[in-house]
Amino acid sequence: MPLPLRRVAESQSFYLKQLSHQQDLSVNPNNKSPSFRRQLSCGLIFACLELSGCASAKLNQQFEEGWQWDGGVEATEVLHQLEGSQAPEEVAAVVGVTGRGLVGQTLPGGTVWTFDTPTNVLPSIIGDGVAFSSDQHVYVLDLRTGTERFRFSAENKRLEGIGSDGEYSIFLLVDPHHSLADELVVTDQKGKVLHRAQTKSRLGTPAAQGGIGLVPWSRQYISAFQLKDGKALGKILVRDGIHRISTHQADIFVWGRGVQHLDQRLVDHPSAASLRLSPPELPGEPGWPRDGSLPRPARHQPIDILAEPTWEDGVGGFAYQSYAATYFDLVASFDVKSNDLNWVSHFSHSISGADATNQALTLCLETGEIMQVSWQDGSQELLGTLPSHLRACAVSALNRPANAVSEPLVKQVNAALTLTGSDMLPLQRVILQKVAARPGSEFTQLLLDVNRAPATSPRLRGLAAKFLSQRRDGAELLLAALKELPVAITSPCSTPPTHGCLANDQVCEGRLSEWRAQCGELPALAPPLQEENTAAKNVEEKNEGPEEDWVEREDEDEWQEEPKSPEKASLASTSSPLVKPSHRRLPPIGAIGQALDGMNNPHTAQALTPWLFVQALSDSTVFDMMTTIKKRGGPAQVASVLQFISLHHSLGGSEQMLNALELASAFIDQHGSETEREKLESLIDSQLTAKAVRSALLTGLKKHPPAEPTLQESVSLPPQKNAQPGDSTE
């Protein structure tokens with residue numbers, strides 16, 4: 001109620017007298033500077049009609065620009081005032097935002113409650129309460145029951161931060177359009193508004209401890225004042241772009257570009273380096289720490305970085321020396337120093353919100369599930385389920401280890417990469433890259449499994465193949481994978497070259513004549529020539545379609561699918577009987593060959609050669625195989641390579657297939673016998689040989705490097721006794 005004019009005059013007179021003698025101002029009372037005179041005139045400017053209004057006026061002064069650092073004198077006094085104080089108990093809970101309002105539950109196993117009032121911000125959990133704003137009011141609820149404690153007018157501003165010491169609370173209200181000044185509101189535990197102050201200085205998320213309010217502003221100052229009466233205690237300078245203050249038991253943390261502990265070291269050295277993270281480039285470009293001066297919209301936060309700072313004996317660190325990155329269905333933990341992957345977990349639905357303690361992460365999913373994940377090993381535990389689909393979720397993490405059995409890293413990565421969809425590719429690639437360079441045959445097997453899993457996306461399979469080609473251990477696993485041929489009989493003579501042929505087709509008859517000359521008559525159970533198409537269709541239906549053809553081909557730093565040429569597409573549905581369909585894809589043959597080649601494995605060419613006759617492979621894979629066989633093979637592979645040329649000489653193919661045939665021609669000329677070279681020349685001269693293939697085969701004969709000398713040839717022979725100058729040694 002308005003006071004009588006006499007009381008107004010008395011209040012103003014009292015206020016001015018008090019100001020003239022105050023010792024708690026942010027400047028020296030003996031300094032008669034313009035700034036000091038402006039402070040003396042605040043009673044006239046704000047026209048305090050109540051003593052609480054004068055307190056708000058004093059609060060406004062705490063955010064005036066122009067304050068000069070005093071060497072930490074005021075800050076030291078603030079630390080003295082805070083000494084021995086404790087933050088209120090942190091209650092673990094999850095509060096979700098629904099279409100109607102809020103739904104919440106304390107952890108573990110608390111009662112689920114609802115509060116049907118829409119919110120325009122992400123709720124803020126502080127102590128045993130939760131606060132949020134609607135269009136007109138700020139609400140404070142009991143975190144355990146969801147009952148309303150109090151509300152006060154927000155005047156169309158939104159709640160952006162809150163601090164509470166259990167007895168008093170301090171709220172930061174911000175205009176949604178940033179056209180009005182930021183506002184601080186201080187209340188007692190019953191909701192009585194004690195002070196309101198406004199400033200054009202940009203404020204950050206405040207904190208309260210021991211009856212003292214701490215408010216960051218202008219990215220480098222902290223103003224401390226008594227919450228009861230608004231009395232100023234002093235200012236603290238921190239040159240780290242500060243935007244948030246948080247409390248935990250007796251510790252107070254200042255958040256800026258990193259995080260620092262509020263202690264005498266920081267007071268004496270405002271430019272001291274903060275504790276920071278240096279994560280690799282992560283999808284979505286999440287920042288750490290989250291800026292406490294930015295809006296908190298009521299929407300999902302699936303992309304984030306979580307880390308829990310610790311301080312012991314003045315030395316800062318992180319819980320388990322780890323940080324975690326979330327990306328929709330995935331969360332991965334990395335070492336803070338090396339950025340090596342510690343563990344990875346995946347979920348059936350997207351993450352909506354998360355928080356961390358020094359023991360574990362607590363996450364809520366968009367479907368309402370509440371999960372706990374251990375910092376130590378990534379093991380998961382289901383803590384509960386909110387009975388609603390969530391638009392957003394605020395979390396106060398449960399500080400205890402997860403009660404679950406952990407799995408080895410290889411199994412975690414395998415599940416995370418093969419059981420999540422292609423939309424997880426950005427983080428999947430980071431995870432795969434982190435484990436691909438690790439030594440050990442188990443990681444070679446991991447790359448094989450990821451490449452062959454049916455649910456793995458094409459690009460991730462290509463990336464796994466690329467990393468597999470660089471492996472230098474696990475040769476026995478790679479050779480075993482090459483033995484899993486998709487045809488029952490791998491001999492070239494098991495497949496008559498009759499697919500796609502019609503009766504009285506002279507070209508096909510010519511191919512069949514050549515095949516008979518090398519392999520004999522058709523097998524007794526082979527279908528007649530005119531029924532080939534029907535037989536091939538029946539085989540395809542029986543085996544649920546041909547195997548997809550994915551190849552390792554890097555194009556603009558992405559590995560993509562290569563389309564088959566018409567000739568290759570014709571060969572893909574050959575009448576060769578397939579083995580019982582596998583739930584795994586064909587192994588990355590080209591990548592395996594490159595890896596075995598890098599290991600100097602003597603069985604490389606022998607293991608690769610049968611795959612020359614697997615017709616589901618792409619031309620680029622065939623070229624990669626032939627490149628390795630050319631390098632590692634010898635006379636034992638000549639017959640198969642010659643048969644490979646025979647099967648393709650009348651078909652032609654893409655440029656890569658022609659290059660493979662060129663290498664095959666050079667291989668036979670290098671390692672083949674005279675008879676085998678004559679067969680090659682006969683194929684070149686055949687009227688059925690495609691013009692482009694003939695050119696490639698002739699080029700191979702001209703360009704192949706000389707054969708490496710055998711051990712016997714490399715031994716120097718002694719000079720002949722009767723040799724004369726000019727005699728030939730041949």
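Predicted model only: the values in this text are computed from it and were never measured.
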Give, for atom [atom1] of [X] and atom [atom2] of [Y], the distance between the pair rounded to the nearest 0.5 Å.
X      : Y      : atom1 : atom2 : result
Leu172 : Arg158 : CG    : CZ    : 10.0 Å
Ile370 : Gln372 : CD1   : CD    : 11.0 Å
His269 : Arg239 : NE2   : CZ    : 12.5 Å
Asp377 : Gln412 : CG    : CD    : 7.0 Å
His177 : Lys157 : NE2   : NZ    : 12.5 Å
Leu233 : Phe225 : CG    : CZ    : 9.0 Å

Checklist entry - In this structure, are over 12 heavy atoms from other groups packed under 6.0 Å from Glu148 atom CD? => result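 More than 12 within 6.0 Å, yes.
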
Next on the checklist: Quick check on Arg299: does its CZ atom have over 12 non-hydrogen neighbours (other residues, nucleotides or ligands) under 6.0 Å away?
Outcome noted: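 Counting neighbours around CZ of Arg299, 12 or fewer heavy atoms of other residues, nucleotides or ligands fall under 6.0 Å, so no.
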
Is [Y] close to [X] at the side-chain level, that is, under 4.5 Å between some pair of heavy atoms?
X      : Y      : result
Thr187 : Phe150 : yes
Leu173 : Leu159 : yes
Asp165 : Glu167 : yes
Gln376 : Pro401 : no
Leu141 : Leu102 : yes
Thr98  : Leu390 : yes
Gln81  : Glu77  : yes
Gln359 : Arg400 : no

Checklist entry - Should Phe152 and His137 be marked as a ring pair (Phe, Tyr, Trp, His ring centres under 6.0 Å) after you check the CA-CA gap, both sets of side-chain angles, and the distance that decides it? => result CA-CA 5 Å; Phe152 61 88; His137 294 89; 8.7 Å; no

Checklist entry - Salt bridge check: are Glu160 and Arg202 linked by an N-O gap of less than 4.0 Å? => result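 Salt bridge: yes.
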
Checklist entry - Among Leu398, Leu363, Val395, which residue meets the side chain to side chain contact (heavy atoms under 4.5 Å, CB included) test with Val94? => result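 Going through Leu398, Leu363, Val395 one by one, the side chain to side chain contact (heavy atoms under 4.5 Å, CB included) with Val94 is satisfied by Val395 alone.
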
Checklist entry - Considering the options Ile236, Leu262, Val259, which one meets the side chain to side chain contact (heavy atoms under 4.5 Å, CB included) requirement together with Val254? => result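 The residue from Ile236, Leu262, Val259 that satisfies side chain to side chain contact (heavy atoms under 4.5 Å, CB included) with Val254 turns out to be Leu262.
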
Please check if any side-chain donor atom of [X] sits under 3.5 Å from a side-chain acceptor atom of [Y], or the reverse.
X      : Y      : value
Gln264 : Thr76  : yes
Gln209 : Ser85  : yes
Thr326 : Asp304 : no
Ser169 : Ser164 : yes

Which heavy atom of [X] sits nearest to which heavy atom of [Y], and what is that distance?
X      : Y      : result
Thr247 : Ala207 : CG2-CB, 4.0 Å
Val193 : Arg196 : CG1-CG, 4.0 Å
Ser274 : Arg257 : OG-C, 4.3 Å
Val103 : Leu386 : O-CD1, 4.0 Å
Ser134 : Pro118 : CB-O, 3.6 Å
Val267 : Ala75  : CG1-CB, 3.4 Å

Checklist entry - Run the salt bridge (Lys or Arg N to Asp or Glu O under 4.0 Å) check on Lys434 and Asp335 step by step: do they pass? => result CA-CA 11 Å; Lys434 291 294 182 181; Asp335 184 270; over 6 Å; no

Checklist entry - Could you walk me through whether Gln198 and Asp182 pass the side-chain hydrogen bond (donor to acceptor under 3.5 Å, both in side chains) check? => result CA-CA 6 Å; Gln198 294 186 354; Asp182 290 355; over 6 Å; no

Quick one: does any side-chain atom of [X] pair with a main-chain N or O of [Y] as donor and acceptor, under 3.5 Å?
X      : Y      : value
Ser201 : Thr199 : no
Thr205 : Gly292 : yes
Thr119 : Val121 : yes
Asp313 : Val315 : no
Gln380 : Phe347 : no
His261 : Gly314 : no
Ser406 : Ser379 : no
Trp375 : Thr357 : yes
Ser345 : Gly378 : yes

Item to check | Passing option when Asp291 is tested against Arg296, Arg219, Arg244 for salt bridge (charged side-chain N to carboxylate O under 4.0 Å, His left out) | outcome: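 For Asp291, the salt bridge (charged side-chain N to carboxylate O under 4.0 Å, His left out) check succeeds only for Arg219.
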
Next on the checklist: Quick one, Leu82 with Ile212, criterion side chain to side chain contact (heavy atoms under 4.5 Å, CB included). Give me CA distance, side-chain angles, the key distance, then yes/no.
Outcome noted: CA-CA 8 Å; Leu82 290 168; Ile212 297 174; 3.7 Å; yes

Next on the checklist: side chain to side chain contact (heavy atoms under 4.5 Å, CB included), that's the test. Do Leu277 and Phe318 meet it? Break it down for me.
Outcome noted: CA-CA 10 Å; Leu277 292 176; Phe318 291 95; 3.7 Å; yes

Item to check | Criterion side chain to side chain contact (heavy atoms under 4.5 Å, CB included) on Trp343 and Val373, from CA distance to verdict | outcome: CA-CA 10 Å; Trp343 50 258; Val373 181; 3.5 Å; yes

Checklist entry - Can you list the steps and then say if Val185 with Ile170 is a side chain to side chain contact (heavy atoms under 4.5 Å, CB included)? => result CA-CA 6 Å; Val185 178; Ile170 178 171; over 6 Å; no

Next on the checklist: Could you check whether Phe334 and Trp288 have their ring centres less than 6.0 Å apart?
Outcome noted: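 Not close enough - the centres of the two rings lie 6.0 Å or further apart.
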
Checklist entry - How are the rings of Phe132 and Tyr139 set relative to one another: parallel (under 30°), tilted (30 to 60°) or perpendicular (over 60°)? => result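 The rings of Phe132 and Tyr139 lie parallel, inter-plane angle below 30°.
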
Item to check | side-chain hydrogen bond (donor to acceptor under 3.5 Å, both in side chains) between Asn339 and Tyr323, intermediate numbers included | outcome: CA-CA 9 Å; Asn339 288 321; Tyr323 67 93; 2.7 Å; yes

Next on the checklist: side-chain hydrogen bond (donor to acceptor under 3.5 Å, both in side chains) for Asp142 and Thr147? Distances and angles first, verdict last.
Outcome noted: CA-CA 5 Å; Asp142 186 287; Thr147 57; 5.0 Å; no

